[in-house]
Amino acid sequence: MQLTVPARRGNARSCRLQRPSLLLHAMSKYPVGDIETKWQNYWETNKTFKVTEDPAVPPEKRRYILDMFPYPSAAGLHVGHPEGYTATDIYCRFLRMRGYAVLHPMGFDSFGLAAETYAIQTGTHPRTTTEANINTFRRQIKSLGFSYDWDREVSTHKADYYRWTQWIFLKLYERGLAYVAKVPVWYCEALGTVLANEEVLATPEGPRSERGNHPVERRPLRQWMLKITAYADRLLDGLEGLDWPESIKAMQRNWIGRSEGANVRFAMSDGSGDIEVFTTRPDTLFGATYMVLAPEHPLVGKITTAHQRAQVDAYIERAKLKSDLERTELAKDKTGVFTGGYAVNPVNGEKIPVWISDYILLSYGTGAIMAVPAHDQRDFEFARQFDLKIVRVVAHDGEPDDESDMTEATPGEGVAVNSGRFSGLTTLEFKKQIVEWLEEKGLGSKAVNYKLRDWIFSRQRYWGEPIPIVHCEEGFVPISADDLPLRLPEVESYTPAGTGESPLAAVEDWVGVDCPDGSGQRGMRETNTMPQWAGSCWYFLRYLDPQNDKELASREKIDYWMPVDLYVGGAEHAVLHLLYARFWHKVLFDLGVVNTDEPFMRLVNQGMILGEGGVKMSKSLGNVINPDDIVDSFGADSMRMYEMFMGPLEIAKPWSTNGLAGVHRFLDRVYRLSQRPLSDDAPPDNLVRLLHKTIKKVTEDTDTLAFNTAIAQMMIFVNELFKEEELYRALWEPFVLIISPYAPHLGEELWEQLGHEPSVSKVTWPAYDETLTRDEIVTVVLQVNGKVRNRIEVSADTPADELERLALGNDRVQQWTLDKEIVKCITVPGKLVNLVVR
RNA sequence: GCCGGAGUGGCGGAAUUGGUAGACGCAGGGGACUUAAAAUCCCCUUCCCUCAGGGGAGUACGGGUUCAAGUCCCGUCUCCGGUACCA
């Protein structure tokens with residue numbers, strides 16, 4: 001998946017970014033490079049982290065920990081990638097040592113625009129570029145010592161992978177969830193192609209292509225669509241049970257945008273047709289004083305009077321050129337034109353004018369509204385702009401009765417007024433009764449609307465999954481699942497055809513094909529390809545069974561591992577990827593392919609790593625940190641540990657090379673400590689207690705992904721050990737175990753130096769003794785009126801009355817209680833005594 | 001505007017069910033070692049006042065609850081992320 005970092009464009013050569021000069025000063029006492037190479041080779045040769053489906057492992061001891069796989073860009077790995085990957089790696093290593101079977105795979109989201117753009121410019125096949133980039137990514141990821149099971153690696157552009165992406169598409173098609181429709185999309189004359197919304201920018205000169213700054217316009221073009229709206233309610237309801245950040249859930253809810261209301265039909269006064277509107281406030285029907293249609297609304301032509309025709313046509317022309325953005329955000333003033341037509345308000349028979357305006361979007365609801373200016377701010381502004389009638393139909397406390405005094409609409413709920421026999425009803429009750437009334441009269445009905453729209457699934461591109469459909473005389477004929485994969489043909493040019501078709505349209509001997517229905521007729525292949533999102537919708541299933549050529553993954557393996565227990569990645573995928581993947585998963589669930597309705601039980605977003613000084617990392621600022629440079633100068637363990645020490649995983653935090661050096665210093669200290677002669681003597685009691693506290697803290701914090709505080713505790717422990725002459729084996733061995741998920745190369749090395757067989761990752765995580773985690777002597781705070789006046793050291797089990805006696809007898813305390821009456825005494829054993837005086 | 005999140009030293013950040021604010025690290029200061037420097041080790045380091053015992057203030061701001069508030073409640077401000085004529 002693509003991170004929203006400034007991607008390098010149109011240049012696939014690897015480029016070394018400038019090294020911060022500080023890196024060159026990294027001094028190291030321990031042989032970082034040797035150690036890290038040694039253990040990476042060991043893990044690779046011994047397949048240390050290969051995992052298989054062992055039926056002896058009970059289900060509650062299995063975990064599927066997933067990283068968002070990267071889009072292999074030419075720029076190589078970014079410091080943002082290792083953050084999430086390190087977090088899951090530490091967690092996985094921890095879980096394994098705690099006796100879990102852990103599935104932890106990695107792969108590549110390898111279809112995408114950047115490689116194709118480069119192909120257009122240079123003629124290099126996108127596969128060549130992509131696979132070179134994958135090799136770089138894989139090398140970089142391996143250099144950080146992550147414990148992936150590399151035998152499960154997948155890449156979405158490989159035919160044995162996209163075969164199953166196409167298979168899922170066929171299933172969607174079979175179920176009526178994939179269809180073709182003419183929808184307005186951005187078309188760029190100069191580039192000869194359709195552009196995605198995110199490839200179009202709003203500029204003062206109008207909408208322009210992101211690439212080349214060419215003008216673009218909306219054209220209704222034939223596109224493949226996926227009926228995600230059919231799953232809107234399930235996508236909404238499914239969020240309830242998920243352990244996801246509240247913000248992501250809120251964003252998905254907002255994106256789906258469910259709203260309840262009613263559809264109401266208004267007849268034209270001249271009988272020229274009916275206008276249907278959607279409203280969430282049917283209780284304000286009596287306040288509907290005019291209507292507005294979207295400029296593209298099909299009824300506009302029919303109801304416009306001859307007198308208004310020229311103005312209306314001119315307005316429609318202008319609206320066409322505006323982007324959605326301009327029609328909404330940028331437009332402060334309302335614009336619109338009267339059509340000359342009138343509709344009849346069904347509740348009171350009043351004739352109300354029908355206008356068109358671009359504040360009404362054809363794509364939402366019915367593309368038409370009843371305007372209630374008294375209680376809707378947009379309608380209010382429009383009414384004031386064009387001097388239309390305003391009637392209040394909801395009473396709120398303390399409002400002026402005269403509409404001419406109103407300065408803004410009052411959208412809240414209240415009690416109905418000016419509403420005939422419905423007057424006096426509360427908003428809630430009114431809504432119920434009016435819908436019943438409308439249904440009785442056949443004028444309308446209860447309705448639900450969504451902001452969510454069907455997913456435009458086709459791209460006029462080369463580097464994507466071909467859509468396995470043939471256009472035959474009798475219509476679309478899907479390719480038989482047995483004939484998949486439908487491979488991408490080789491092409492001579494990657495440039496779009498200029499007709500709004502993909503480069504595939506030019507490959508005549510690929511496009512022309514016998515119809516798969518066996519009729520003997522000739523047909524034409526679909527030349528659109530799938531969008532980049534397709535491959536990432538289900539990759540986590542392919543990891544389960546990557547070699548399977550009979551099905552996308554066997555049901556046994558799905559049952560063994562799914563659903564994903566923890567999914568870590570950037571918040572930039574909050575809506576699209578996570579919504580699309582959930583949608584496909586629900587379809588697969590309905591098909592009986594997968595075992596759960598939701599794929600990802602727990603989601604964590606790692607925060608962005610900013611440049612030094614808290615600004616965004618960007619090439620133009622020259623503050624981009626290249627992980628390769630860090631690994632070269634400080635080592636992978638320092639890089640990993642520093643990124644975890646920076647702060648909580650979820651928050652954005654600035655990079656600091658000094659901070660990195662500090663963590664490196666710590667690891668260096670650990671190594672130097674390890675070179676001291678080992679002692680088998682019993683260690684001092686205070687250090688044993690510190691060890692148990694440390695094990696407890698690191699255990700709990702690793703379990704909750706609070707890596708920064710776990711590392712702080714390890715630093716405290718090492719600082720204390722460092723002060724001792726001797727290195728006690730009884731303290732050192734457990735410490736090597738708990739640091740090993742964090743600094744795995746050093747962990748392996750030290751474990752081996754302790755005389756053990758590798759790998760440390762197979763050793764059981766140390767236990768702690770709860771009683772040893774508590775201090776025997778504690779500091780108790782003596783307060784007078786809540787202010788700390790003294791501290792005393794007492795045995796931890798000193799009872800309350802004894803503490804109270806000690807407090808009252810304390811001379812520093814007495815200075816503050818002298819001549820005062822002691823009103824109250826609060827004692828918290830082991831913590832404090834607070835004397836309240838007057 | 002709406003939704004979500006966050007405001008703690010010079011900086012990144014700690015702080016259990018309300019119970020010692022500032023753990024750990026960075027930066028800074030002092031000392032040790034060294035011919036010297038680097039590296040390393042030790043100590044100090046929220047701010048203000050101080051008779052050197054301490055005292056006062058302090059977790060964005062203003063209130064409140066409480067013996068006790070960074071933590072709970074009400075209001076305000078700022079910043080970050082998302083979204084925006086969605087009828």
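Letters A, B, ... are given to chains in the order of the sequence lines, protein chains preceding strands, and every chain is numbered from 1.
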Mind checking if A/G662 touches a base, just sugar-phosphate, or nothing, with heavy atoms under 4.0 Å? sugar-phosphate
Could you check which of B/G19, B/G5, B/C42 has an atom nearest any side-chain atom of A/F722? B/C42
Based on the glycosidic angle (syn within 90° of 0, else anti), state the conformation of B/G53. syn
From B/G54, B/G5, B/A21, pick the nucleotide closest to the side chain of A/V788? B/A21
In whole Å, measure the gap between the C1' atoms of B/G13 and B/G7 for me. 13 Å
Selected nucleotide, minimal atom distance to A/W816 side chain, candidates B/G55, B/C41, B/A23: B/G55
Applying a 4.0 Å non-hydrogen cut-off, can you work out what A/P245 is touching in the nucleic acid: base, sugar-phosphate, or nothing? nothing
Hey, is B/G9 sitting syn or anti, using the within-90° cutoff around 0? syn
In whole Å, what is the span from the CD atom of A/E643 to the C1' atom of B/G12? 14 Å
What's the closest nucleotide to the A/F645 side chain, out of B/G25, B/G54, B/C42? B/G25
So for atom CD1, which belongs to A/I777, do other residues, nucleotides or ligands contribute more than 12 heavy atoms lying within a distance under 6.0 Å? yes
Less than 4.0 angstrom between a side-chain N/O of A/N708 and OP1 or OP2 of B/A14, yes or no? yes
Taking B/G55, B/U20, B/C26 as options, the one with an atom nearest any side-chain atom of A/R789 is B/G55
Using the test side chain to side chain contact (heavy atoms under 4.5 Å, CB included), find all partners of A/S259 that sit at least two apart in sequence or belong to another chain. A/F278, A/T280, A/Y364, A/N449
For A/Y315 and A/W355, I'd like to know if the aromatic rings sit close, meaning centre-to-centre distance below 6.0 Å. no
Between B/G12 (C1') and A/E83 (CD): distance, integer Å: 13 Å
Runs of at least three Watson-Crick or G-U pairs with RNA chain B, cut-off 3.5 Å: B:1-7 with B:77-83, B:10-12 with B:24-26, B:28-32 with B:40-44, B:46-49 with B:54-57, B:60-64 with B:72-76
A/D668 CG to B/U40 P, straight-line distance once rounded to whole Å: 7 Å
Looking only at heavy atoms, what is the nearest atom pair of A/N834 and A/N785, with distance? OD1-N, 3.5 Å
Kindly point out which of B/G19, B/C42, B/C24 is positioned nearest to the side chain of A/K723? B/C42
Can you check the distance between B/U83 and B/A15, where both ends of the measurement are the P atom (answer in whole Å)? 31 Å
For A/N449, which contact category applies under a 4.0 Å heavy-atom criterion: base, sugar-phosphate, or nothing? nothing
A/R640 to A/Y742, cation-pi by 6.0 Å centre distance and 45° axis angle: no
Using the C1' atom as the point on both nucleotides, what is the distance between B/G10 and B/G29, in whole Å? 13 Å
Respond yes when some side-chain nitrogen or oxygen of A/K787 is under 4.0 Å from OP1 or OP2 of B/A57, and no when none is. yes
Students often mix this up, so state it plainly: with edges at 30° and 60°, are the rings of A/Y30 and A/H664 parallel, tilted or perpendicular? parallel
B/G22 and B/U45: how far apart are their P atoms, nearest whole angstrom? 11 Å
Is A/E650 touching bases, backbone alone, or none of the nucleic acid, heavy atoms closer than 4.0 Å? nothing
Say we look at B/A69 and B/U59: how far apart would their C1' atoms be, to the nearest angstrom? 11 Å
Indicate, with a heavy-atom threshold strictly under 4.0 Å, whether A/W655 touches base, sugar-phosphate, or nothing. nothing
Out of B/A23, B/C86, B/A87, which has the shortest distance to the side chain of A/I360? B/A87
Side chain of A/M251, heavy atoms from C-beta onward: which of B/G4, B/A87, B/G82 has the nearest atom to it? B/G82
Cationic tip of A/R676 within the cone over A/F722's six-membered ring, i.e. under 6.0 Å and within 45° of the normal? yes
Does the gap between the ring centers of A/Y359 and A/F382 come in under 6.0 Å? yes
Taking the same atom, P, in B/C44 and in B/U50, what whole-Å distance lies between them? 24 Å
How far, in whole Å, is B/G18 from B/C67 if one measures between their C1' atoms? 12 Å
If you check the A/R669 side chain, which of B/A87, B/C41, B/A14 turns out closest? B/C41
A/R253 atom CZ is separated from B/U83 atom P, nearest whole Å, by 17 Å
Do the non-hydrogen side-chain atoms of A/V833 and A/I826 ever get within less than 4.5 Å of each other? no
Heavy atoms only, 4.0 Å cut-off, all strands: where does A/K249 land among base, sugar-phosphate and nothing? nothing
Would a line drawn from the ring center of A/Y580 to the ring center of A/W455 be shorter than 6.0 Å? yes
Proximity to RNA chain B (any heavy atom under 4.0 Å), residues of residues 828-838 of chain A only: A/V828, A/K831, A/L832, A/N834, A/V836
Rounded to whole Å, how long is the line connecting atom OH of A/Y642 with atom P of B/C24? 18 Å
Quantified in whole Å, what is the P atom distance between nucleotide B/C26 and nucleotide B/U17? 30 Å
Of the candidate nucleotides B/A87, B/G13, B/C24, which contains the atom at the shortest distance from the side chain of A/K653? B/G13
It should be established whether A/N719 places a side-chain nitrogen or oxygen under 4.0 Å from OP1 or OP2 of nucleotide B/G25. yes
